[in-house]
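In what follows, a single structure is set out as structure tokens and then discussed.
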Amino acid sequence: MNNYFIRRLILIIPILIGVSLISFFIIHLIPGDPARVIAGQGATSEDIALIREEFGLDKPLTEQYFAFVGGIFSGKMKSISSQQPVIDEITPRFWNTVQLATFGIIVATVFGILLGIIAATHKNTFVDNLSMGFSLIGVSMPIFWLGLLLIMLFSVALNWLPAGGKDSFISFILPGITLGLPSAAIIARMTRASMLEIVNQDFIRTAISNGIPQKTIIYKYTLKNAMIPVVTVVGLQFGYMLGGAVLTESVFGWPGLGRLVVQSIFTRDYPIVQSGILLIAMSFVFVNLAVDLLYAAIDPRLRRKK
Amino acid sequence: MNHNNSMAIYWRRISKNKMAAIGAFIVLFIVIIALLAPVISPYEPDAQDLYSSLNGPSKEHWFGTDIYGRDILSRVIWGARISLSISSLAVFLSILIGVFLGAIAAYFGGVLDEIIMRFFDILLSFPDILLAIAIIAILGSGRSNLITAITIYSIPQFARIARSTVVSEKTKEYVDAARLSGESEMNILFRYVLPNSLSPIIVQGTLRIGYAILIISGLGFLGLGIQPPAAEWGTDLSIARTYLRAAPHTGIFPGIAIFITVMGFNFFGDGLNEILNPRMKDR
Amino acid sequence: MERILEVKDLKIQFDTEEGTVYALENVSFHLNKGEILGIIGETGSGKSVTASAINRILPVPPARIVNGEIIFQGKDVLQYKREEMNRIRGKKISMIFQEPMTALNPVFKIKEQMSDVIMHHQKINRKKAVKQATEMLEQVRIPDPEMVLDKYPHELSGGMRQRVMIATALSCEADLLIADEPTTALDVTTQDQILALIQDMRKNLDISVILITHDFGVVAEICDTVAVMYGGSVVEFTDIYTLTKKPYHPYSNGLLKAIPPVDQTIEKLNTIPGSVPNLLKPPPGCRFHPRCENALEKCKIDPPSLTEIEENHFIACYNPIKGGEDNE
């Protein structure tokens, strides 16, 4: 366990460096003079010179890179539009995104696994087709359109739920379902496929031939094995939600990090764009790490002897 | 199993696979609509008529009109053109680049393999639409930048498929045989080894087109994709959002178009997968 | 002698994408209490399908039982309902399999898997069940049962896993043990140990055993009676002594000749020419006729049925080897 943990930790270091390099280069890859791009149209040459100095754009790249990474965490790097440290701008927004994604993944996991089990235990029946039909709809649905439809139904037509903002628990319902449903569809398909795969394994045949009742075989013997790949999918989906929440946040006016990044692209607030993208990607890397470790906890074959 | 017999099974699978058939039908339907857009669309997609703004569906405008009085049906039809052309071009490019990079990484191995695959790992660390957003942040919005973003976004998938095929095939006997008969390394790689990855690439390519359409419309919805007044489904939905209360129909039809198109590609891709790589042990 | 099991005219087919597989036809044999019956045949001869049918673990569909009876302790198991069958499996009829690697559930400890079976059949609590599992592991001569109980399957060797399988199968005092190629996946030394263990268990626990194998050596070592299967049918059924001395069926004879003698060097090993039939399109008549030296015209048209030609010696053949060939 310890060995595995350490190996897995070391593996993410180059990934984190790579992710930070890409975020760092965003500003340098912009065609033309980055200072001029940041300054925007109609900027005077003094403005541009000022920006060049403020961003350290005249210094060597390595120095700039370390200034970039250090600047985010030390608070030295400031948002162009608000002049506040980016760390103070993005942290609360990121927290909002994490809350939304957490709610979304709960919706996705509960619905997805239930649906998957129902489909698998009723293989090739009407119930199976119905739940798999739903899940095919789920993966084909543009998430923002799903959000719009839910708003039209529950906010505009029925007036039951708020169409946007983040005020109370009620505000979570529509965006959480929107974010969760497509993932529920994926989790359901995975659960079904995995259950059907496991049911054909030799050890299930052993359990049957030992007279273990069907309920125990499905809900204990099959399910625990079947959950191993599902855990990976759930983790991946949670990671994707951190990035993909930007569309949901945009539909529901949710004050999340993704939406802040998109808004900052329009205002050319590159420090926010860079650090926001870096933070989301980093958290995705860590979520994947957590999933791998959880995987080892469920599958004893992956554990190392102590 | 003789050849005739396996062909018969193959055909039985296609005819039995309703999903693939439905998917193929939808895809074909959308492609025809996109090709015939100039002929079949009742109005110019950007012809404004401010006197008939936000009208509901009627005989003149089957899908109604948007805030500028533009015919939504015509915009949906022309939108198929934009979505299909950008997504298929981007997926095509990413297959070319991804397969090439994945194949040489696996075939030559060593440091080259490490560098290429680690780089893709890093690209894949940007979840979902975020990589596309990052690329748009660099390049700015617009059609060719959108194609670049979607292409880069899809490359790692195809590189991985090509890589795994090459890794498993390159030690097989026929490769040695080809080498002994004096074939060049590149010839062996591209003429003998890579064709083995054709069926997973076709399947993944089909699914990725559907996915690319979702990303294109998503970026359009965020205002980072195709810019107005061009008829793009996601961009139109982002305009419609403001008028959901007064004119819900503006928010319905472009969404249905995205949904059905993506579903068509998903059905077709899944169906192809079942036909080309059936799970033999599915009892 | 009390008959614990009698299989009569079993006929099973599978409906697959490629067409109907005529898996079993004309399968009959019986087993007396306390004896070990060997079912021997090549891959695809239907021996495993037969075993799974007795325990009713064939997936239905695609399997279809067209005809036949499986009388176990006086009752036809094919007539039992699913819940009734769950009380028989593991309790009266137990089964162990070829692959001890994959036959145990990888995510539960041995303790939990064994005690689940015991708890289900004996309606006792976990603690008592674990205690019983410990005793059972001692019975199968596992030196440190407590330690083994606390392990996951992947932490045990193949032989150890097979012992655990046997212990689990016999933990509820089953009357019939079906062992489907129990030693095939093991190394030679372990094979012998497992076979010896099965023999001991038969004696100590008073069980009857069906041993499925493709290895004549295994059959000769521990079985009392033998059913030879070919192409989905039982072609010869008798006691082990008669079969090795006087096989009547040309296939049994070929099978015996194909065993390399241990005590002498020979020029060339005898083999039966041809290959096993494709059960999607089995040959008409006797399924062995295309490979049979003794085949008559009749063999190509009409499948022979299993008949008793001497006391307790059954064959399905129109033209058996005259008076049995001497295999000295």
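Note that the coordinates shown come from a computational prediction; the quantities given were computed from them, not determined experimentally. Sequence lines set the chain letters: A, B, ... in the order given, protein chains first and strands last, and positions in each chain run from 1.
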Which bit of [X] comes within less than 4.5 Å of chain B, counting heavy atoms only: side chain, backbone, both or neither?
{"X": "Val156(A)", "answer": "both"}
{"X": "Ile27(A)", "answer": "neither"}
{"X": "Val287(A)", "answer": "neither"}
{"X": "Leu146(A)", "answer": "neither"}
{"X": "Pro14(A)", "answer": "backbone"}

Looking at CD1 of Ile26(A) and CD1 of Ile138(B), how far apart are the two atoms once the value is rounded to the nearest 0.5 Å? 5.0 Å

If you measure from CZ on Arg241(B) to CE on Met152(A), what distance do you get to the nearest 0.5 Å? 12.0 Å

What part of [X] lies closer than 4.5 angstrom to a heavy atom of chain A: side chain, backbone, both or neither?
{"X": "Ile252(B)", "answer": "both"}
{"X": "Ile256(B)", "answer": "both"}
{"X": "Phe267(B)", "answer": "side chain"}

Closest non-hydrogen atom pair, [X] against [Y]:
{"X": "Phe144(A)", "Y": "Leu237(B)", "result": "CE1-CD1, 3.4 Å"}
{"X": "Ile15(A)", "Y": "Ser125(B)", "result": "CG2-OG, 3.3 Å"}
{"X": "Met263(B)", "Y": "Ser140(A)", "result": "CA-OG, 3.3 Å"}
{"X": "Leu214(B)", "Y": "Pro142(A)", "result": "CD2-CA, 3.5 Å"}
{"X": "Leu224(B)", "Y": "Ile265(A)", "result": "CD2-CG2, 4.0 Å"}
{"X": "Leu222(B)", "Y": "Leu247(A)", "result": "CG-CD2, 3.7 Å"}

Select, from [options], the one with the greatest count of heavy-atom pairs under 4.5 Å involving chain B.
{"options": "Ser23(A), Gly18(A), Ser155(A)", "value": "Gly18(A)"}
{"options": "Val261(A), Leu136(A), Ile143(A)", "value": "Leu136(A)"}
{"options": "Met282(A), Met141(A), His28(A)", "value": "Met141(A)"}
{"options": "Leu242(A), Leu16(A), Ile277(A)", "value": "Ile277(A)"}
{"options": "Phe284(A), Tyr270(A), Phe25(A)", "value": "Phe284(A)"}
{"options": "Val285(A), Ile151(A), Ile22(A), Asn288(A)", "value": "Ile22(A)"}

Relative to chain A, which of Leu139(B), Ile136(B), Asp270(B) shows the most heavy atom pairs under 4.5 Å? Asp270(B)

Tell me, out of Phe126(B), Phe119(B), Phe265(B), who's got the most heavy-atom pairs with chain A below 4.5 Å. Phe126(B)

Name all residues meeting the side-chain hydrogen bond (donor to acceptor under 3.5 Å, both in side chains) criterion together with Arg160(B); count only those two or more places apart in sequence or in a different chain, and write none if there are none. Asp121(B)

For Phe266(A), look at atom CZ and say whether over 12 heavy atoms of other residues, nucleotides or ligands are found less than 6.0 Å away. yes

Begin from the C-alpha positions of Ile137(A) and Phe259(B) and carry the test side chain to side chain contact (heavy atoms under 4.5 Å, CB included) through to its verdict. CA-CA 8 Å; Ile137(A) 289 173; Phe259(B) 172 58; 3.6 Å; yes

Listed by residue number, which members of residues 233-240 of chain A have a heavy atom under 4.5 Å from any heavy atom of chain B? Gly239(A), Tyr240(A)

Residue by residue, which of residues 249-259 of chain A have a heavy atom closer than 4.5 Å to a heavy atom belonging to chain B? Ser250(A), Val251(A)

So, the side chain of Trp145(A) versus the backbone of Gly251(B): is there a donor-acceptor pair under 3.5 Å, distance only? yes

Contacts of Leu11(A) meeting side chain to side chain contact (heavy atoms under 4.5 Å, CB included) (sequence neighbours excluded), chain-then-number -> Arg8(A)

